[in-house]
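Data first, discussion second: the structure below is written as structure tokens.
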Amino acid sequence: MTREIIFDTETTGLDPLSGDRITEIGCVEVEGLIPTGREFRKLINPERDIPAEVTEVTGHTREMLENEPVFAEIVDEFLAFVGDAPLVAHNAPFDRGFINMELERCGRPAIADDRFKDTAAMARERFPGAPASLDALCKRFDISLDSRTKHGALIDAYLLAEVYLELHGGRERRLEFAGGAAAGAKVEFPARPPRPEPLAPRSTPEERAAHAEFVAEMETSVWVELGVIEVAPRVDE
């Protein structure tokens, strides 16, 4: 199965070229579009002030992050988690710009543009003219936002993983991979318990006799194969 990393970043602002920095990164590993349970999340000291309007959205303040590691201290762990997998983000050019800016600050090579997949672009292509924000897509696909009180990178990465699955077929793919079962595997349903009291027949004895006579004339019958009705062997005249 294809391994991919769904990720999100929180930042001090909108422009890495003007000095804005990453304050949080959250990653979710998926294989075959299904989360594996492996995740990566770090709060990061941006080494700069955080505007009040950003704090309103993320809940992050400079004081809260001043004892967290700087990006250079977590870069090896981040790159090891990501490996060579494709990176999936909502409005990927935004997150790509911040990730590669931080990598450049650490003297590390940038991640190639073609490794990034943009779910916002996928949504706009699939639903032209419709809102393509993460919130709007969660609403469209009936994905609960109850766990989200502020924008958190890991929470948003998990929400995006559900959106990403839906953009690739959703419930049909979920059934295909549920429980790790291989596609085409036999689906088994649990046996239903017997009724406390059998249902009373709704046909008359005459109708049942006529039906049995009709079934006996068939070469094969699903009623006979399933044992629903028994017929005497035919005797050729």
Can you tell me how far apart [atom1] ([X]) and [atom2] ([Y]) are? Round to the nearest 0.5 Å.
X: Leu79; Y: Asp84; atom1: CG; atom2: CG; answer: 12.0 Å
X: Thr9; Y: Arg96; atom1: OG1; atom2: CZ; answer: 12.0 Å
X: Leu160; Y: Leu165; atom1: CG; atom2: CG; answer: 11.0 Å
X: Thr11; Y: Ile44; atom1: OG1; atom2: CD1; answer: 11.0 Å
X: Arg126; Y: Arg140; atom1: CZ; atom2: CZ; answer: 8.0 Å

Quick check: does any side chain N or O of [X] sit under 3.5 Å from a backbone N or O of [Y], one acting as donor and the other as acceptor?
X: Glu162; Y: Leu159; result: no
X: Arg3; Y: Val82; result: yes
X: His90; Y: Asp8; result: no
X: Asp118; Y: Asn91; result: yes
X: Asn45; Y: Val70; result: no
X: Glu4; Y: Val88; result: no

For the pair Val54 and Thr12, evaluate side-chain contact (heavy atoms from CB on, under 4.5 Å) and give the outcome as yes or no after the intermediate values.
CA-CA 6 Å; Val54 174; Thr12 62; 5.5 Å; no
Phe94 vs Phe98 aromatic rings, parallel, tilted or perpendicular, using cut-offs 30° and 60°?
tilted
Lys NZ or Arg CZ of Arg21 over Phe71 ring: under 6.0 Å, within 45°
no
Hydrophobic cluster identity match, Leu14 and Ile22, side-chain contacts under 4.5 Å
yes
Cluster question for you: counting only ILVMFWY and a side-chain heavy-atom cut-off of under 4.5 Å, with indirect links fine, are Leu154 and Phe78 together?
no
Given the rule in the side-chain contact (heavy atoms from CB on, under 4.5 Å) test, do Ile5 and Phe81 qualify, once you have shown the distances and angles that lead to the verdict?
CA-CA 9 Å; Ile5 302 298; Phe81 182 86; 3.7 Å; yes
Return yes when atom CD of Glu53 has more than 12 non-hydrogen atoms of other residues, nucleotides or ligands closer than 6.0 Å, and no otherwise.
yes
Give a yes or no on whether Glu104 atom CD has more than 12 heavy-atom contacts from other residues, nucleotides or ligands under 6.0 Å away.
no
side-chain contact (heavy atoms from CB on, under 4.5 Å), that's the test. Do Asp20 and Arg48 meet it? Break it down for me.
CA-CA 8 Å; Asp20 284 318; Arg48 56 153 293 166; 3.2 Å; yes
Min side-chain heavy-atom separation Leu87-Ile99 under 4.5 Å
no
Pair Glu29-Thr36, side-chain donor/acceptor within less than 3.5 Å
yes
His60 side chain to Glu10 side chain, donor-acceptor N/O pair below 3.5 angstrom:
no
Correct closest heavy-atom pair for Ala157 and Gly26 would be CB-O, 3.8 Å
Please evaluate residues Glu77 and Lys42 with respect to the criterion side-chain contact (heavy atoms from CB on, under 4.5 Å), reporting the C-alpha separation (whole Å), side-chain torsions for both, the decisive distance (0.1 Å), and the verdict.
CA-CA 10 Å; Glu77 191 177 354; Lys42 293 291 182 182; 3.3 Å; yes
